[in-house]
Amino acid sequence: MKYDFTSIEKKWQEKWLKEKTFAAVNGDKSREKFFGLIEFPYPSGQGLHVGHARPFTAMDVICRKKRMQGYNVLFPIGYDAFGLPTENYAVQHHIHPAKVTHDNVANFRNQLQMLGYSFDWDREVNTTDPEYYKWTQWIFLQMFKKGLAYKASMPVNWCTSCKIVLANEEVVDGVCERCGGEVIRKEKSQWMLAITKYADRLIDDLDDVDFINRVKIQQRNWIGRSEGTEVDFTATNGDKLTVYTTRCDTLFGVTYMVISPEHPYLQQWKDQIKNWDAVAAYMDEAAHKSDFERGELNKEKTGVRLEGIEAINPASGEKVPLFVSDYVLMGYGTGIVMGVPGHDQRDWEFATKFGLPIIEVVQGGDITKEAFTLKDDTGIMVNSGFLNGMTVKEAIPAMKEWVTKQGIGHPKVNFKLRDWVFSRQRYWGEPIPLVNCPKCGWVPLPESELPLLLPEVESYEVTDTGESPLAKMTDWVNTTCPCCGGPAQRETDTMPQWAGSSWYFLRYMDPHNDKALASKEALEYWSPVDWYNGGMEHTTLHLLYSRFWHKFLYDIGVVPTKEPYAKRTSHGMILGEGGEKMSKSRGNVVNPNDIVAQYGADTMRTYIMFIGDFEKAVSWSSEAVKGSKRFLDRVWNLAESASESYEVTPANEAAIHKTIKKVTDDIDNLKMNTAIAALMTLVNEFYANGCTRGDLRYLLLLLSPFAPHIVEELWENLGFAAREGKMACQTQWPAYDESKTVASTVEMAVQVNGKLRGTIQIAVDSEEKAVVDAAMALDKVQKAAEGKQLVKTILVKNKLVNLIVK
RNA sequence: GCCGGUGUGGCGGAAUUGGCAGACGCAGGGGACUUAAAAUCCCCCGGUAGCGAUACCGUACCGGUUCGAACCCGGUCACCGGCACCA
């Protein structure tokens with residue numbers, strides 16, 4: 001019989017679907033649970049990408065193996081369907097985004113089923129489903145009630161092309177992350193979420209989760225905790241100049257101060273600044289630069305000295321000049337910094353450019369050449385009054401104590417993380433369930449009125465002023481205040497796409513619940529997610545946002561765990577044939593449908609797992625796919641030619657046990673490529689030795705997570721299904737016998753003075769003397785050791801012996 | 001500029017974490033089967049020298065530690081990803 005993958009795959013996919021083979025069971029205490037999560041896809045019009053197939057297949061392999069190991073596995077799928085591409089498509093083609101979403105989702109579902117993923121299809125979620133976003137709105141209302149959602153007028157990133165406000169986190173390389181359009185700064189009243197209140201916990205709780213290290217590092221760096229001191233200087237006009245510094249030990253070294261161009265003091269001081277025209281011109285120039293440009297234009301420092309006002313150093317009592325410069329950002333610290341050119345390289349450059357004095361307060365470097373910035377015990381304090389003679393490490397706490405006692409400062413922790421801009425002036429998002437009443441202010445909608453549905457609009461275009469399309473729906477906007485009953489207006493901004501994806505994994509636990517986002521029992525049973533795999537591109541935004549929401553839900557008693565995900569891993573990108581990113585414009589996009597049509601889903605799955613190191617980027621090779629197909633053909637041929645015995649052949653036993661061990665360990669460590677290599681080796685072994693059905697049984701069990709359809713078919717053909725039931729229902733992942741993985745003799749490497757000179761065959765666990773004798777007997781060893789004396793031998797058991805001769 | 005990561009045959013990649021570098025696969029070469037081709041099966045496949053056994057070189061580059069280094073340490077270069085002049 002021929003390996004007819006098309007009909008085999010269709011047959012089993014239909015069976016699995018009809019019999020709900022992969023349904024997870026809520027509350028089953030008889031088994032351990034395992035919740036494997038992948039990042040749910042955005043259902044774009046282009047359909048599923050091979051880039052999706054890599055993480056999806058990997059988690060499918062893990063989940064199929066976990067099922068065979070007896071776990072109650074929850075492996076769900078859903079769609080993160082709000083967002084701009086769908087809305088843009090709707091605008092262009094005058095189709096309702098809900099319709100576009102529905103069609104795209106149907107296409108995705110077909111493709112996912114075509115690849116044979118073992119999802120529990122009864123738990124599908126869709127963020128645009130009102131029954132889903134009801135709970136997104138509900139969570140937002142709880143945050144609003146706890147004071148975590150607030151409105152603020154602030155400079156925001158305005159994408160001139162999307163006409164939408166972007167979070168700082170969404171601006172990439174100074175342009176809009178989504179469309180690449182120009183981003184300028186604009187004042188706008190926005191709903192904000194106070195993620196910074198959770199900054200400490202978002203850092204500290206990383207200690208308790210099993211995330212790969214680079215993800216933890218990225219999260220920590222993004223939050224950016226810095227422990228320093230706030231110190232008050234005084235201006236000569238009496239105003240207080242508070243600075244934030246991590247180096248309060250260098251206070252005596254301050255020779256100037258800098259104020260941010262946005263600082264409100266500047267307008268207040270207008271009449272006192274003698275060179276106001278020059279200062280105002282500089283402020284105007286700075287306002288036209290984005291934060292990004294100000295950061296990018298690094299090398300050359302710019303600034304203007306304020307004439308008429310100086311600052312007084314509280315430690316030395318000396319007067320120092322005050323500058324305005326755009327390297328000081330209003331959004332971090334206090335918007336004023338102290339300049340210590342001796343011990344900060346940026347300050348050193350600034351001082352050098354403006355001819356300011358450079359005072360050494362830490363001895364140890366050469367401050368005429370560059371700033372001396374070491375914070376350890378290397379330097380000794382000088383020119384610093386009561387700090388003199390201390391190391392920097394001693395001086396920092398001493399100075400903290402001093403400024404606190406003097407009442408001119410205190411220790412302070414700062415974060416890089418900023419609050420989350422949560423408003424979008426867009427149609428295709430969750431409506432924000434708040435009403436603005438002239439009497440009562442912002443009032444939450446009663447929970448009984450959720451979900452607040454997106455109204456139908458005539459046009460999805462943003463208004464010229466940048467208001468959401470919802471603003472045009474006056475019937476919808478004008479409402480009554482839930483509080484006083486008077487006339488009031490709805491919020492017309494919608495939520496960002498991140499909202500729905502911040503909690504979706506909870507909905508999977510109990511997707512049809514209409515009383516709560518999920519039942520207490522379901523949350524207790526399935527939390528936390530045992531293993532979450534996703535892309536590195538989501539390690540700062542999505543991962544941080546969802547951890548934040550989860551911590552909030554924990555605080556209000558909704559979820560039982562502090563952290564949503566016990567384990568997080570990451571996969572590398574699939575690049576195009578030439579090693580470049582796959583993109584429509586390059587014409588190098590690989591469509592999974594084509595691969596499945598030509599080779600079958602099992603080949604596609606096996607190849608994408610075999611393609612390379614899971615964590616690294618790899619390029620697709622249409623040639624190499626054939627290797628995986630050839631491998632499955634060989635498995636098929638073995639089944640045709642295997643002898644009918646259900647016994648295991650002694651000649652194959654060691655290879656089988658070795659392979660069980662290797663594949664078991666490798667799947668747990670995401671080393672799918674070497675797991676498949678081991679299976680290929682076993683197949684080669686069976687070709688060489690011949691094999692029985694009993695031998696093949698193990699190969700099929702081990703191969704089934706990777707290539708489930710062909711295995712299911714062969715399992716049936718070889719009579720195992722009649723004896724043991726369907727492969728997909730097996731709960732016997734094979735165990736290995738360690739003692740059977742090693743042969744009775746081993747090959748050991750023989751080195752002379754660390755150089756390989758030959759190998760010996762010798763009994764396992766041979767004693768040193770036997771090994772050395774056998775090694776010395778080798779011709780090449782004799783030659784290399786000729787006329788010399790053996791002074792030492794190094795033995796690595798069963799691996800290597802190194803003879804040191806002189 | 002800073003932070004993180006990576007660098008191994010013609011190519012994708014292995015190497016039990018300091019112990020035989022190149023598993024497994026792709027491409028390539030040779031052979032068997034075939035009228036022929038495809039498919040399949042078997043063998044070879046890092047470099048230099050040699051008919052050969054073999055010798056020497058070889059994991060981006062330079063140096064170090066070690067009996068022994070792709071792996072550890074110091075320095076350099078290249079590429080990829082992230083970014084905040086963060087006081």
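Since this is a predicted model, take the numbers as computed values, not measurements. The sequence lines fix the lettering, A, B, ..., with proteins before strands; numbering per chain opens at 1.
For the pair A:Glu227 CD and B:A87 C1', the interatomic distance rounds to 16 Å; values are reported in whole Å. Across the protein-nucleic acid pair, A:Lys792 atom NZ and B:G68 atom C1' stand 11 Å apart, rounded to whole Å. Remark: P of B:C85 and CG of A:Asp347 are 14 Å apart, rounded to the nearest angstrom. The distance from atom CG of A:Asn753 to atom C1' of B:U66 is 13 Å, rounded to the nearest whole Å. Atoms CZ (A:Arg418) and P (B:C83) sit 13 Å apart, rounded to a whole Å. If you take CZ of A:Arg757 and C1' of B:C56, they are 10 Å apart, rounded to a whole angstrom. As a whole-Å value, the separation of A:Ile336 CD1 from B:A87 P is 17 Å. Across the protein-nucleic acid pair, A:Arg247 atom CZ and B:C85 atom P stand 20 Å apart, rounded to whole Å.
When only modelled atom types and interatomic distance are considered, A:Glu768 and A:Thr793 share a side-chain donor-acceptor pair under 3.5 Å. Side chains of A:Ser226 and A:Asn414: a donor-acceptor N/O pair is absent below 3.5 angstrom, by distance only. For the residue pair A:Glu623 and A:Ser621, no side-chain donor N or O sits within less than 3.5 Å of a side-chain acceptor on the partner.
Straight-line distance between the C1' atoms of B:G74 and B:A69: roughly 15 Å, to the nearest whole Å. B:U48 and B:G9: their C1' atoms are spaced 15 Å apart (whole Å). Here the separation of B:G12 from B:G28, taken at their C1' atoms, is 16 Å to the nearest Å. Using atom P as the reference point in both B:U40 and B:C26, the two lie 10 Å apart (nearest Å). Straight-line distance between the C1' atoms of B:G10 and B:C44: roughly 16 Å, to the nearest whole Å. Comparing the same atom, C1', in B:U8 and in B:G46 gives a spacing of 10 Å after rounding to whole Å. Distance noted for atom P between B:A23 and B:U6: 23 Å (whole Å). Taking atom P in both B:A15 and B:C24, one finds a spacing of 13 Å when rounded to whole Å.
Across all strands shown, A:Arg225 has no heavy atoms under 4.0 Å from either base or sugar-phosphate atoms.
Ring geometry, A:His657 versus A:Tyr698: the interplanar angle falls from 30° to 60°, so the pair is classed tilted.
Nucleotide B:G63 is shown with an anti base, its glycosidic torsion being more than 90° from 0. Glycosidic conformation of B:U17: syn, with the torsion inside 90° of 0.
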Hey, mind stepping through A:Glu39 and A:Arg54 against salt bridge (Lys or Arg N to Asp or Glu O under 4.0 Å) and telling me if it holds? CA-CA 12 Å; A:Glu39 285 168 345; A:Arg54 191 180 207 191; over 6 Å; no
Show your working on ring-ring contact (aromatic ring centres under 6.0 Å, His included) between A:Tyr607 and A:Trp620 and close with a plain yes or no. CA-CA 10 Å; A:Tyr607 174 63; A:Trp620 181 269; 4.9 Å; yes
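A distance below 6.0 Å separates the ring centres of A:Phe350 and A:Tyr327. If you look at A:Tyr256 and A:Phe354, their ring centroids are not closer than 6.0 Å.
Between A:Arg247 and A:Asp344 there is no salt bridge, since no side-chain nitrogen of the basic residue lies less than 4.0 Å from a carboxylate oxygen of the acidic one.
Heavy atoms of other residues, nucleotides or ligands lying less than 6.0 angstrom from CD of A:Glu767 number 12 at most.
Comparing A:Ile804 and A:Ser226, the nucleotide of RNA chain B nearest to each residue sits closer to the 5' end for A:Ile804. Place A:Gly224 and A:Thr245 on RNA chain B by their nearest nucleotides, and A:Gly224 ends up nearer the 5' end.
Between A:Tyr687 and B:C41 there is a side-chain polar atom (N or O) within less than 4.0 angstrom of OP1 or OP2.
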Sugar-phosphate means primed atoms, P, OP1 and OP2; the rest is base. With that split, encode nucleotides 13-26 of chain B 5' to 3' as B, S or - using protein heavy atoms under 4.0 Å. SS-B--BBS-BBSS
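Figure legend: A:Arg634 and A:Tyr687 shown as a cation-pi pair, the cationic atom lying under 6.0 angstrom from the six-membered ring centre and within 45 degrees of its axis.
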Give RNA chain B the dot-bracket treatment, 5' to 3': Watson-Crick (N1-N3 with N6-O4 or O6-N4) or G-U (N1-O2, O6-N3) under 3.5 Å, [ ] crossing, | other strand. (((((((..(((......[....))).(((((.......))))).((((....))))..(((((..]....))))))))))))....
